[in-house]
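We're numbering straight along the sequence, starting at 1. Whatever order the structure lists them in is the order used to number ligands and atoms, beginning at 1. Remember, predicted model here, so these are calculated numbers, not experimental data.
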Amino acid sequence: MFEPNEMQRDLIDAVSVFVKDLIGPTAEHDDAEERFRKEYIHQMGEQGLCGIATPEEYGGLGLGYLDYAMVLEEIAKVSASYAVSVAVTGLPQVILNQWGNEDQKQQWLPALAAGEHLGAFCLSEAGSGSDAASLKATAVREGDEYVLNGSKYWVTHGGYADVYMIMARTGGPGPRGISCFLVPGDAEGLSTGRKEQKMGMRASPTTEIVLDNVRIPAANLVGNEGDGFKVAMTALDSGRITIASIAVGTAQAALDVSGGYACERKQFGKPIIDFQGVGFMLADMATAIETSRMLVHKAAWLKDNGRDFSGTAAMAKVVATDAAMKVTTDAVQVMGGYGYCKDHPVERFMRDAKIMQIFEGTNQVQRIVISRHLKKAYTAPQG
Ligand SMILES: Cc1cc2nc3c(=O)[nH]c(=O)nc-3n(C[C@H](O)[C@H](O)[C@H](O)COP(=O)(O)OP(=O)(O)OC[C@H]3O[C@@H](n4cnc5c(N)ncnc54)[C@H](O)[C@@H]3O)c2cc1C
């Protein structure tokens with residue numbers, strides 16, 4: 001767990017070279033222009049990077065979350081936007097692996113795992129973010145079909161996805177009234193609403209998705225009616241590991257750039273790393289990254305070994321994303337005015353880091369998850 005094995009080392013090296021060549025040359029331009037290139041997902045898919053944890057029989061690599069975490073870290077060092085793309089197109093796969101029936105797995109998984117299809121996960125709405133169980137989009141059964149209406153907010157891959165995993169209400173209020181549906185991107189009545197103008201993660205498209213009498217086969221229900229909230233939460237438990245991995249990659253890239261700069265930049269006749277104020281800042285950054293990585297890897301290891309990982313994944317998300325925000329901010333500080341300007345990527349890393357504390361459950365919500373685990377542990381009968 002603490003050091004990559006030989007297979008993981010080879011995987012990390014191969015991914016590092018591949019994404020630097022593929023995404024590196026356009027990363028700054030696409031951030032400035034808010035441009036998403038779907039073809040990059042196809043190309044990463046051809047290398048197996050879009051279906052790392054999906055079983056081989058459904059077209060994935062059949063590896064574990066520890067391997068997945070290491071791959072996402074490498075992609076994020078170049079572009080957090082595309083690392084998020086890989087993680088988000090992974091969410092419908094996690095759901096199908098855990099909740100899908102055999103027909104659904106055969107129909108939907110291979111194209112997602114191959115990066116031929118882009119996936120999206122639609123839980124949030126304008127009025128329900130953290131309080132996801134109060135969502136209002138509806139799905140009404142009519143014969144062999146469901147008819148979906150409503151609007152989903154902040155959909156990563158909105159307008160680009162081939163498969164939308166949508167949570168909608170089939171029953172009464174609260175979590176038990178929610179169900180999960182597979183909706184093709186070209187379904188009649190599904191359209192893209194407003195596109196968000198964002199502070200960071202600007203190469204990742206985020207839009208509203210409008211559902212206007214969208215008819216889908218009843219066979220596209222995932223799990224049973226009323227399972228939707230549980231389905232979404234199991235996806236988010238795993239998603240926390242992926243976002244935390246992306247945070248580690250973003251922070252590491254910021255340290256690599258600012259650490260190298262601090263060794264070269266001279267003021268008062270010596271490299272600025274030799275001033276204790278700068279050297280200690282870099283030392284704290286490195287320590288925070290290493291701590292985060294350990295916790296992310298532990299959460300992934302627990303998941304891979306069939307253990308309860310939910311609380312540890314929430315801790316990993318809090319620690320790694322808070323660290324990424326601080327590390328990237330400090331990287332700008334280490335580089336002074338040059339760090340604040342677009343000649344270097346650290347200002348992009350800092351803007352990208354902020355959303356990691358917010359999406360896949362804000363870091364306040366993660367603390368709710370952690371405190372619930374604590375309450376359960378401390379109120380369990382002592383034996
Ligand atoms: C770039 C981007 C991409 C996204 N991608 C997706 C996606 O693909 N799919 C999707 O479904 N959603 C997506 N989201 C939505 C994201 O998950 C939500 O923004 C997030 O869950 C927070 O919800 P909210 O924005 O409504 O904030 P709110 O829930 O309104 O929270 C506002 C503040 O109140 C705090 N708060 C709320 N409740 C509590 C509480 N009980 N205790 C303590 N503090 C609390 C929050 O922590 C936060 O600080 C995305 C958002 C962004 C910006």
Participant: With nothing but distance in play, are any N or O atoms of Val365 less than 3.5 Å from an N or O of ligand 1?
Facilitator: no

Participant: I'd like to know if Arg141 and Glu145 make a salt bridge, using a cut-off of under 4.0 Å between side-chain N and carboxylate O.
Facilitator: no

Participant: Please say whether Thr156 places an N or O atom under 3.5 Å from an N or O atom belonging to ligand 1.
Facilitator: yes

Participant: Cation-pi check, Lys38 to Tyr160: give yes when NZ or CZ is under 6.0 Å from the six-membered ring centre and within 45° of the ring axis, no otherwise.
Facilitator: no

Participant: Ignoring hydrogens and geometry, is there a side-chain-to-backbone donor-acceptor pair from Lys317 to Gly361 under 3.5 Å?
Facilitator: yes

Participant: Please list, in number order, the atoms of ligand 1 under 4.0 Å from a heavy atom of Gln364.
Facilitator: 43 (C), 44 (N), 46 (C), 47 (O), 49 (O)

Participant: Look up atom 40 (C) of ligand 1 and tell me if a protein heavy atom lies less than 4.0 Å from it?
Facilitator: yes

Participant: Relative to the ring of Tyr338, is the ring of Tyr261 parallel (under 30°), tilted (30 to 60°) or perpendicular (over 60°)?
Facilitator: tilted

Participant: Pick from Thr329, Asp322, Thr328, Asp330: which one makes a side-chain hydrogen bond (donor to acceptor under 3.5 Å, both in side chains) with Lys326?
Facilitator: Asp330

Participant: Select the closest option to atom 12 (N) of ligand 1 among Ala235, Ser124, Ser204, judged by heavy-atom distance.
Facilitator: Ser124

Participant: Asn220 and Pro184: which non-hydrogen atoms are nearest, and at how many Å?
Facilitator: ND2-CD, 4.3 Å

Participant: In sequence, state the C-alpha distance, the side-chain angles, and the governing distance for Arg202 and Asp352, and then conclude on salt bridge (charged side-chain N to carboxylate O under 4.0 Å, His left out).
Facilitator: CA-CA 8 Å; Arg202 287 164 58 86; Asp352 284 350; over 6 Å; no

Participant: If we only count heavy atoms from C-beta on, is the Glu208 to Lys152 side-chain gap below 4.5 Å?
Facilitator: no

Participant: Scan the protein's non-hydrogen atoms and note whether one is under 4.0 Å from atom 10 (C) of ligand 1.
Facilitator: yes

Participant: Of the listed options (Ser81, Ala120, Gly361, Gly129), which comes nearest to atom 23 (O) of ligand 1 when hydrogens are ignored and any heavy atom counts?
Facilitator: Gly129

Participant: Out of Tyr164, Phe121, Trp154, who gets a non-hydrogen atom closest to atom 25 (O) of ligand 1?
Facilitator: Trp154

Participant: Asp30 side chain to Ala203 main-chain N or O, any donor-acceptor pair under 3.5 Å?
Facilitator: no

Participant: Below 4.0 angstrom, counting only protein heavy atoms, does anything approach atom 30 (O) of ligand 1?
Facilitator: no

Participant: Taking both backbone and side-chain atoms of Ser130, is any N or O found less than 3.5 Å from an N or O belonging to ligand 1?
Facilitator: yes

Participant: Any protein heavy atom at under 4.0 Å, with atom 3 (C) of ligand 1 as the reference point?
Facilitator: yes

Participant: Counting distance only, does the side-chain N/O of Asn224 pair as donor-acceptor with the main-chain N or O of Asp227 below 3.5 Å?
Facilitator: no

Participant: Does the protein put a heavy atom under 4.0 Å from atom 34 (O) of ligand 1?
Facilitator: no

Participant: Given Ile358, Val84, Ile355, which one has a non-hydrogen atom that is nearest to atom 20 (C) of ligand 1?
Facilitator: Ile358

Participant: Just heavy atoms, cut-off under 4.0 Å: does Lys198 contact ligand 1 by side chain, backbone, both, or neither?
Facilitator: side chain

Participant: Run down the list Ile368, Val155, Ile209, Thr362 and name the one with the heavy atom closest to atom 46 (C) of ligand 1.
Facilitator: Thr362

Participant: Under 4.0 Å, heavy atoms only, figure out whether ligand 1 is touched by the backbone of Thr206, its side chain, both or neither.
Facilitator: side chain

